[in-house]
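Structure, as structure tokens:
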Amino acid sequence: MSFRTRLLVPVLFVPALLADAPPHFTILQRELLGLGLSFTNAAADYDGDGDLDLFVGFGGTPNRLYRNDGGTLVDVGAAAGVNAARGVRSAAWADYDGDGDPDLLVGFAPGPTSVLVLYRNDGGTFTDVTTAAGVAVAAGGVRQFSFIDFDGDGDLDLSVAFRDKVNLLFRNSRGAFVEMADSVGLADPRKSVGALWVDADEDGDLDYLVANQDGDANALFRNDGNHFTDIADSMVVAWGGRAPKLATNGTVRPCAADADGDGHFDLFFANYGPNGLFLKRNGLFSDVSAAWGIDADGRYDTCAFADVDHDGALDLYVNGTVTGGTSYPDVLFHNAGGRYTDVTPDSLKALQADHGVLWFDIDRDGDLDLSLTGAQANGMHFVLRNDLDSTVAHRALAVRVVDGKGRATRAGAEVRVFAAGTRTLLGTRLVDTGSGYNAQSDMPVNFGLPRVQPVDVEVTWPSRGVRRIVRTRTVSLARYAGTYLTVTVP
């Protein structure tokens with residue numbers, strides 16, 4: 001039975017009811033997290049203690065690595081060796097050397113040394129292995145990193161989008177990288193900012209969606225095994241909802257999420273210009289931006305999906321920026337089942353937030369908390385606790401996907417949750433490779449659920465033309481409260 005046929009069974013999409021009150025967030029550790037000129041944020045459990053830590057890159061002040069001690073953040077950047085005082089434009093966590101812990105790649109503003117710096121995780125402290133690993137790049141406007149196993153050989157490769165030069169693709173060969181974008185058709189000279197990997201055509205391998213600025217069309221590169229072909233026009237996503245060829249417009253961030261709950265990944269584009277939401281329908285993408293109330297015309301940098309209120313539908317945070325003397329506000333959109341509504345609380349409206357947005361469970365209570373960065377001097381890099389009632393917050397399941405050796409090499413995998421013993425779909429998530437702002441995090445995917453019930457978990461790993469599926473049946477939410485279910489995909 002094909003994947004598409006298999007999903008054409010009765011599927012439950014729970015329409016999100018309008019909340020009785022707007023979501024509420026509490027700012028944590030204001031004094032520690034009040035520094036502005038911050039650009040990107042990325043999360044991973046770098047020390048292996050079971051909770052998520054946070055890297056924040058700044059505009060020239062020392063970068064910070066926050067160790068999570070039971071929900072309290074402690075800056076250990078200097079002791080860990082990752083506190084360079086150089087402007088940061090991107091960051092990614094990934095186990096590039098396959099030793100079981102996440103390493104850190106940081107993209108810096110142009111300077112006297114490589115704009116890429118790869119820090120190997122040596123048990124909680126980090127060693128600069130940039131040159132030895134073969135990723136030194138002398139100059140360039142670094143933007144989105146993605147660590148993915150695009151060739152299905154079991155290790156993590158690396159794609160790098162650039163704002164001012166051709167994009168790069170590094171193949172990983174036993175922990176050393178060889179650049180080979182031109183040979184596979186990915187040396188794209190357009191002005192790229194955001195990017196992500198997802199099996200957009202559901203044919204069993206990871207495709208590459210690249211968001212471009214300054215009037216350049218977006219690209220959707222179909223993975224044909226040994227070569228990539230741009231099919232953005234035929235898949236109707238070349239412009240992402242913005243006006244074609246308008247030099248003042250562009251796409252900054254693409255996101256993939258199942259907005260309508262049908263089990264297929266839809267695409268959202270955070271634009272300079274009207275934002276765009278494209279639902280996957282009959283193998284193509286259909287522009288529903290206006291119908292879903294998401295087509296605000298402004299200057300937006302970031303998109304990040306999460307089920308904020310655990311009603312079973314994916315909500316959306318869109319991050320405005322400050323440009324041309326105008327501050328475009330951030331918006332938290334509530335998924336009301338066929339339409340998004342603005343439920344941004346006043347506490348978020350008051351912040352000078354732009355660029356980095358990250359949903360992660362800092363306190364391990366089940367719901368997703370919010371990490372923001374602010375690139376203004378009077379900005380911040382706050383973490384805001386999601387104050388869901390505990391009984392609602394605990395209606396959640398976090399799932400981590402690993403390979404047969406227990407390593408996190410399955411970025412781009414798809415995770416679906418069904419009511420136990422049925423094909424009633426409760427949610428779909430992507431092991432993400434590039435939401436937020438120029439960041440990739442290494443963390444479990446999170447499902448909020450409308451009620452407490454046993455679930456079946458299905459993980460699909462697209463690789464080398466095959467969509468391999470692994471199922472874990474009758475999972476109890478209570479058993480994994482405060483931790484996560486690990487699913488192994490050999």
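Because the structure is a prediction, the values reported are computed rather than measured.
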### Qualifying residue for side chain to side chain contact (heavy atoms under 4.5 Å, CB included) with Leu186, from Val184, Asp182, Asp188
Val184

#### Entry: Separation between CG of Leu316 and SG of Cys303, rounded to the nearest 0.5 Å
6.5 Å

### Message
Could you walk me through whether Lys280 and Phe265 satisfy the side chain to side chain contact (heavy atoms under 4.5 Å, CB included) test, starting with their C-alpha distance in whole Å, then the side-chain angles of each, then the deciding distance to 0.1 Å, before giving a yes or no?
### Response
CA-CA 6 Å; Lys280 187 73 174 292; Phe265 285 103; over 6 Å; no

### Query
Distance only, no hydrogens: is a donor on one side chain within 3.5 Å (strictly under) of an acceptor on the other, for Ser463 and Arg410?
no

### Query
When rounded to the nearest 0.5 angstrom, what is the spacing between CG in Leu52 and CG in Asp45?
6.5 Å

### Message
Can you see whether Thr409 engages Asp149 through a side-chain donor-acceptor pair at a distance of less than 3.5 angstrom?
### Response
no

### No-hydrogen, no-angle side-chain donor-acceptor test under 3.5 Å, Thr251 and Trp239
no

### Task
Scan Asn386, Asp307, Val308 and name whichever one has a side chain to side chain contact (heavy atoms under 4.5 Å, CB included) with Asp367.
Asn386

### Task
Dump the intermediate steps for side chain to side chain contact (heavy atoms under 4.5 Å, CB included) on Arg163 and Val142, then the final yes or no.
CA-CA 6 Å; Arg163 187 73 166 76; Val142 179; over 6 Å; no

#### Entry: Distance-only polar pair, side chains of Thr40 and Asn438, donor-acceptor under 3.5 Å
no

### Message
For the residue pair Thr125 / Asp122, report whether a side-chain donor-acceptor contact shorter than 3.5 Å exists.
### Response
no

### Query
With respect to Asn319, which candidate in Thr373, Val331, Asp330 satisfies the side chain to side chain contact (heavy atoms under 4.5 Å, CB included) definition?
Asp330

#### Entry: Minimum heavy-atom distance Pro110-Gly140, with the two atoms named
CG-O, 3.8 Å

### Query
Can you tell me how far the CG atom of Asp258 sits from the CZ atom of Arg416, to the nearest 0.5 Å?
7.5 Å

#### Entry: Among Asp230, Asp164, Asp214, the one residue meeting salt bridge (Lys or Arg N to Asp or Glu O under 4.0 Å) with Arg190
Asp230

### Query
Within the distance-only criterion (no hydrogens, no angle test), does the side chain of Thr433 pair as donor or acceptor with the backbone N or O of Ala411 below 3.5 angstrom?
no

### Task
Could you tell me whether Asp369 and Arg364 have a side-chain N and a carboxylate O separated by less than 4.0 Å?
no

### Task
Under the side chain to side chain contact (heavy atoms under 4.5 Å, CB included) rule, what do Tyr96 and Leu105 come out as? Steps first, then yes or no, please.
CA-CA 10 Å; Tyr96 89 93; Leu105 180 66; over 6 Å; no

### Message
A cation-pi test, strictly: NZ or CZ of Arg253 under 6.0 Å from the centre of the six-membered ring of Tyr437 and no more than 45 degrees from its axis. Yes or no?
### Response
yes

### Task
Inspect the contact between Glu179 and Arg171 and indicate whether a charged nitrogen and a carboxylate oxygen are less than 4.0 angstrom apart.
no

### Message
Rounded to the nearest 0.5 Å, what separates atom CG in Asp432 from atom CG in Asp442?
### Response
11.5 Å

#### Entry: Arg222 charged N/C atom sitting above Phe228 aromatic ring, 6.0 Å / 45°
no

### Query
Hey, are Arg467 and Asp199 close enough for a salt bridge, meaning a charged N less than 4.0 Å from a carboxylate O?
yes

### Task
Identify whether NZ of Lys or CZ of Arg in Arg120 sits under 6.0 Å from the centre of the six-membered ring of Phe126 and within 45° of that ring's axis.
no

### Message
Can you confirm whether or not the ring centre of Phe278 sits under 6.0 Å from the ring centre of Phe269?
### Response
yes

#### Entry: Point-to-point distance, once rounded to the nearest 0.5 Å, from CE of Met443 to CZ of Phe360
8.0 Å

### Query
Is the distance between the ring centroids of His381 and Tyr66 less than 6.0 Å?
yes

